[in-house]
Amino acid sequence: MKQIMIIGGDGFCGWPTALHLSSKGHDVTIVDNLSRRAIDEELGANSLTPIESIETRIAAWKEVSGRDIAFLKIDIAKDYTALEAAMASLRPDTIIHFGEQRAAPYSMKSPVEKCYTVDNNIGATHNLLCAVAGLGLDPHIIHLGTMGVYGYDDDGLEIPEGYLRVYIPGDDKTLFQRDILYPTNPGSVYHMTKSMDQLLFQFYAKNDRLRITDLHQGIVWGTQTEETRLDDRLVNRFDYDGDYGTVLNRFLMQAAMDHPLTVHGTGGQTRAFIHIQDTVRCLALAVENEQTDTGKVRIMNQMTETHTVRDLAQVVARVTGAAIANVANPRKEAAENGLRVSNQSFRALGLNPITLEDGLLAETNEIARRFAHRCNPEMIPCVSTWTDNQQPGVVRPVAATRSIAA
Ligand code: NAD
Ligand code: USQ
């Protein structure tokens, strides 16, 4: 059994991961500065599900499972000394790093949020690596990265797992083979911080021989996992607001609210998706199958299916009867793109994913409809724009709304 430090363990992906690893018998310590809860207050937003305080969550888990989870409130971007002290005393076998500002729209809101996202995310990742190296520890570090680092250029190639094999002609025309980080092409300040994280990992893996796995995750949907379902006090968060809500969860909530599904532009954007239960399974697989090769970061694509936003809206509309609205796209992104992604590593480790077809109805009934009364409709529009001259993603009066033919 391992001593596992989960940074960002109060968040949407971190909390169910903490419960799952605890249920498997690992000793889990959550490190979190609770900034996600503070941002909810700043925005006037809330989780659709009524999440408990971290103290109540942990006490409820003890009642349900008999197992302890420890909690340390540390801002790992700002309080290096506290982070280093926690690591020195815990000497974790595994560190899972979820602790970053993760919303692209929030990161584009204004210069304040841009600077915060860069300072927080780069500071957090660098402090973590610097502390591990400085203390001479040898934990397996697992970081949650994003599919968005690859960009959505639609060049027709299958996106490999992190590295691109290239052949470079030498002076005498001999071809030299290199595996380089896949050229990064971030679409927001948030995604840019994940691209910068990659360089930090590359350096510390080479220089200090740190063992690092970077999981390039797609958009996570769903809410509950086997463990969060065990007691209402363990419920996971469900973000639906215009900054933090991700597209499929937003559509499910909008359907439950009889609000048209807000498709940005034509909805031709193809993205990669994964259910939260599979996120948790992938984390357990990554913990159990350690990165042993030092010198080079292991990168695994953590996604299970791809869909266009348009197709997602149509599936949700079919299941729920919701209307679809094409709204202005507040982002700068390709209007239409294809996407093919390799996820061989997790498949080889035995991941058998939950598909959209399996999980959608349960999610609609268990969460979106059950908690629709908690939704604040004012938080639905996507008001953060990528540049000042763009329009927010707001549904205009009925005349401007049209359905996409199925
Ligand atoms: P979240 O915002 O719900 O959770 C992040 C947690 O980290 C929060 O509890 C927050 O308080 C904490 N945190 C942030 N900065 C911190 C700091 N400086 N010190 C200590 N704690 C800090 O986000 P999430 O959806 O759970 O995402 C977790 C990770 O997974 C992120 O790194 C994100 O980029 C990545 N990811 C998420 C998704 C998704 O769809 N949710 C998809 C791909 C990748
Ligand atoms: N979109 C809509 N309507 C909406 C909301 C979003 O059409 O109401 C569109 C967006 O324009 C975008 C797509 O849906 O084309 C995905 O948006 P999203 O908000 O679901 O996802 P994104 O901003 O990419 O970010 C999320 C997580 C982030 C993670 C990323 C994985 O918030 O932490 O890194 O998914 S990925 O997209 O693979 O990079």
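Heads up: numbering here begins at 1 and tracks the sequence.
- With sequence neighbours excluded, the residues that form a side-chain contact (heavy atoms from CB on, under 4.5 Å) with N185 are D153.
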Tabulate below the donor-acceptor pairs under 3.5 Å that side-chain atoms of residues 348-362 make, not counting sequence neighbours, or state none.
residue	atom	partner	partner atom	Å
T355	OG1	D358	N	3.4
T355	OG1	D358	OD1	3.4
T355	OG1	D358	OD2	3.1
D358	OD2	T355	N	3.2

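- With N236 contributing its side chain and T223 its backbone, the two residues share a donor-acceptor pair below 3.5 Å.
- Among the candidates N326, V327, I324, L252, the single residue satisfying the side chain to side chain contact (heavy atoms under 4.5 Å, CB included) test with L261 is I324.
- A donor-acceptor contact shorter than 3.5 Å links the side chain of S107 to the backbone of Y190.
- The side chain to side chain donor-acceptor pair (under 3.5 Å) pairs that include a residue from residues 125-146 are H97-T125, E100-H143, T125-D197, H126-Y204, D138-R211, H140-T213, H143-D197, H143-D214, where partners are two or more places apart or lie in different chains.
- Applying the salt bridge (charged side-chain N to carboxylate O under 4.0 Å, His left out) rule to pairs touching residues 360-375 yields R229-E366, D232-R370, sequence neighbours excluded.
- Contacts of Y182 classified as ring-ring contact (aromatic ring centres under 6.0 Å, His included), with partners at least two apart in sequence or in another chain: Y150.
- Of all the heavy atoms in G44 and N376, the pair that sits closest is O-ND2, 4.1 Å.
- Nearest heavy-atom pair, G9 versus I30, reported as atom, atom and distance to 0.1 Å: O-CD1, 3.5 Å.
- If you take CE on M5 and CD1 on I96, they are separated by 11.5 Å, rounding to the nearest 0.5 Å.
- Nearest heavy atom pair, residue T117 against residue T193, reads O-CG2, 3.8 Å.
- Looking at every heavy atom in both residues, A335 comes nearest to T266 through O-OG1, 3.4 Å.
- Every residue meeting the side-chain contact (heavy atoms from CB on, under 4.5 Å) condition with S23, not counting sequence neighbours, appears here in chain and number order: H20, W61, E227.
- With sequence neighbours excluded, the residues satisfying side-chain contact (heavy atoms from CB on, under 4.5 Å) with M196 are I122, M192.
- Heavy-atom minimum distance, I380 versus C375: CD1-SG, 4.1 Å.
- Here the closest heavy-atom approach between residue L234 and residue T228 is recorded as O-CB, 3.4 Å.
- Within a 6.0 Å radius of CD in E378, other residues, nucleotides and ligands contribute 12 heavy atoms or fewer.
- Side-chain atoms of D243 never come within 3.5 Å of backbone atoms of C382 as a donor-acceptor pair (strictly under, hydrogens ignored).
- A salt bridge links D27 with R67; the closest basic N to acidic carboxylate O contact falls under 4.0 Å.
- Rounded to the nearest 0.5 angstrom, R250 CZ and L248 CG are separated by 11.5 Å.
- Within the structure, ring-ring contact (aromatic ring centres under 6.0 Å, His included) contacts touching residues 330-378 (residues at least two apart or in different chains) do not occur.
- Among pairs with a residue in residues 37-49, those fulfilling salt bridge (charged side-chain N to carboxylate O under 4.0 Å, His left out) read D10-R37, R36-D40, D40-R237, at least two apart in sequence or across chains.
- Applying the side-chain contact (heavy atoms from CB on, under 4.5 Å) rule to A77 yields the partners D75, N120, A124; only residues at least two apart in sequence or on another chain are considered.
- Within a 6.0 Å radius of CZ in R209, more than 12 heavy atoms belonging to other residues, nucleotides or ligands are found.
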Side chain to side chain contact (heavy atoms under 4.5 Å, CB included) between V341 and H216, intermediate numbers included: CA-CA 11 Å; V341 182; H216 287 189; over 6 Å; no

Worked check of side chain to side chain donor-acceptor pair (under 3.5 Å) between S110 and E113: CA-CA 6 Å; S110 84; E113 288 80 10; 2.5 Å; yes

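- Listed by first and then second residue, the salt bridge (charged side-chain N to carboxylate O under 4.0 Å, His left out) pairs that reach into residues 334-348 are R310-E336, sequence neighbours excluded.
- Note on residues 217-254: pairs passing ring-ring contact (aromatic ring centres under 6.0 Å, His included), not counting sequence neighbours, are Y106-Y244, W221-H275.
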